[in-house]
Amino acid sequence: MKNNAVIITNGLLSDKSAKTAHGLIRGSDKYRIMGVIDATHAGKDAGAVIDGRTRDIPVWASLEEAIQKSPEPIDYSIIGIAPKGGKLPRELRQVLEASLSNRISVINGLHDFLTDIPEMVSLANIHGATITDIRKPKDRNELHFWTGRIYEVKCPIVAVLGLETNLGKRTTTRMLRESCRANDINAQMVFTGQTGWMQDGKYGFVLDTTINDFVAGELEHAIYTCYKETDPEIIFLEGQSGLRNPTGPCGSEYLVSGNARKTILIFSPKTTFFSNIPAWGKIPSIEDEIALVKMYGSEVIAVAINTNGCTEQEAYQYQRQYEQQLGIPVLLPLQEGVDELLPVIRSMI
């Protein structure tokens with residue numbers, strides 16, 4: 001059964017730093033989202049705020065209003081923002097303390113651990129609540145080295161990678177899994193970030209909290225365990241950052257250690273520099289990235305466009321343009337979904 005939860009976004013619901021909230025609003029197998037606490041957008045529908053689609057998830061101005069208006073008791077408060085550096089905003093602490101005082105447990109995906117704050121731990125203990133720091137590293141005895149068992153996985157493994165951060169890799173991965181399942185394909189998703197843990201969390205690990213020596217092994221272990229337990233027809237891997245993003249050049253592990261022989265690439269045609277900072281360098285062209293992925297031994301079967309900064313007309317123009325240039329399917333996940341890729345997926349199974 002799902003637990004009832006509210007998401008705390010601290011006035012940032014419409015900002016890309018609230019990507020954890022955006023993912024949970026779009027769907028979660030683990031939590032039933034009762035509402036969002038965000039004074040800036042209070043009175044609106046959370047879905048309408050993030051992408052114009054009403055989802056019957058109210059936005060409340062405060063925790064007190066949430067407790068009063070929620071149709072069912074609230075079990076968890078989830079921090080729905082990912083500020084730069086993963087630091088706990090000072091103004092958020094008061095809401096979290098109020099949650100614990102009201103016997104509402106807290107889910108924290110930040111790099112700052114609430115269990116390191118004695119006052120928080122004391123409140124949780126006094127009121128019978130819990131604190132879960134998702135990014136707290138596992139004990140080394142729980143981690144896995146790479147073994148080669150990945151070659152025993154016989155179903156297609158598809159990496160969903162991006163040229164940059166905040167492009168919608170997790171959202172697209174989840175949409176692919178759901179589209180497959182709706183069409184009688186046993187698809188599974190391996191998560192690699194904190195929001196994926198919150199949305200489902202059955203198979204995967206949090207990559208950016210894992211000691212580097214164990215990243216390849218944890219990825220292999222998650223894929224292999226998923227394969228053995230679910231007998232899937234296809235496995236999708238949620239990517240992180242980008243192959244050449246200097247702030248976190250993730251990706252090669254998916255293609256090499258995870259043996260992902262198929263890839264879906266996500267890019268933003270209106271974004272020129274990494275993190276929009278010219279000094280960090282230009283983002284490579286999609287053609288160049290496809291060539292790099294091929295050098296790793298993986299085939300790009302489709303690309304998806306993040307349409308940030310695009311008008312609706314521009315989005316569809318880019319779609320037509322790149323379909324002609326690349327000769328492979330070009331997806332607009334938020335505008336059209338991902339069903340267009342189903343014939344390609346079926347041909348791989």
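- Applying the ring pair (Phe, Tyr, Trp, His ring centres under 6.0 Å) test to Y203 and every residue at least two apart in sequence or in another chain returns nothing.
- Applying the salt bridge (Lys or Arg N to Asp or Glu O under 4.0 Å) test to pairs two or more places apart or on separate chains, none has a residue in residues 327-349.
- Ring geometry for H144 versus H221: interplanar angle under 30°, hence parallel rather than tilted (30 to 60°).
- Other cluster members for V158: V160, L167, M175, L176, I185, I234, F236, I264, I266, I301, L331, V338, L341, L342, V344, I345, M348, I349, joined by side-chain heavy-atom distances under 4.5 Å among Ile, Leu, Val, Met, Phe, Trp and Tyr.
- Both F205 and L255 belong to a single network of hydrophobic side chains, linked directly or stepwise wherever heavy atoms of I, L, V, M, F, W or Y lie under 4.5 Å apart.
- Checked by atom type, the side-chain pair T263/E299 shows no donor-acceptor distance below 3.5 Å.
- Pairs passing the ring-ring contact (aromatic ring centres under 6.0 Å, His included) check and including a residue from residues 317-336, sequence neighbours excluded, read F267-Y322.
- In terms of the ring pair (Phe, Tyr, Trp, His ring centres under 6.0 Å) criterion, H41 has no residue partners (sequence neighbours excluded).
- With values rounded to the nearest 0.5 angstrom, N3 atom CG is found 8.5 Å from I107 atom CD1.
- Of the possible donor and acceptor atoms, one in the side chain of N108 sits under 3.5 Å from a partner among the backbone N and O of D112.
- For CD of E72, the number of neighbouring non-hydrogen atoms (other residues, nucleotides, ligands) closer than 6.0 Å is greater than 12.
- Partner Q321 forms a side chain to side chain donor-acceptor pair (under 3.5 Å) with one of Q325, Q319, Q324 and no other, that one being Q325.
- F113 belongs to no hydrophobic cluster with other residues, because no ILVMFWY side-chain heavy atom falls under 4.5 Å from its own, directly or through intermediates.
- For D200, the salt bridge (Lys or Arg N to Asp or Glu O under 4.0 Å) partners at least two apart in sequence or on another chain are R177.
- Clustering ILVMFWY residues whenever any of their side-chain heavy atoms sit less than 4.5 angstrom apart, transitively, puts I33 in a cluster other than the one holding I79.
- In terms of heavy atoms, L161 sits closest to K169 at C-CD, 3.8 Å.
- Residues satisfying the salt bridge (Lys or Arg N to Asp or Glu O under 4.0 Å) test with R261, not counting sequence neighbours, are none.
- Taking the side chain as every heavy atom from C-beta outward, S70 and V6 never approach each other to under 4.5 Å.
- Partners of H111 according to the ring pair (Phe, Tyr, Trp, His ring centres under 6.0 Å) rule, which considers only residues two or more places apart in sequence or in another chain, do not exist here.
- In this structure Y316 satisfies the ring pair (Phe, Tyr, Trp, His ring centres under 6.0 Å) test with no other residue, sequence neighbours excluded.
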Let's go through K2 and D29 carefully: what are the C-alpha distance in whole Å and the side-chain angles of both, what is the deciding distance for salt bridge (Lys or Arg N to Asp or Glu O under 4.0 Å) to 0.1 Å, and is it a yes or a no? CA-CA 7 Å; K2 293 185 180 182; D29 298 325; 5.1 Å; no
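- For residues 273-299, the set of pairs meeting the ring-ring contact (aromatic ring centres under 6.0 Å, His included) definition, not counting sequence neighbours, is empty.
- Looking at T20 and M198, their side chains come closer than 4.5 Å, going by heavy atoms from C-beta outward.
- The salt bridge (Lys or Arg N to Asp or Glu O under 4.0 Å) check on E314 picks up K270, with sequence neighbours excluded.
- Residues N306 and N308 bring no donor and acceptor atom of their side chains to less than 3.5 Å of each other.
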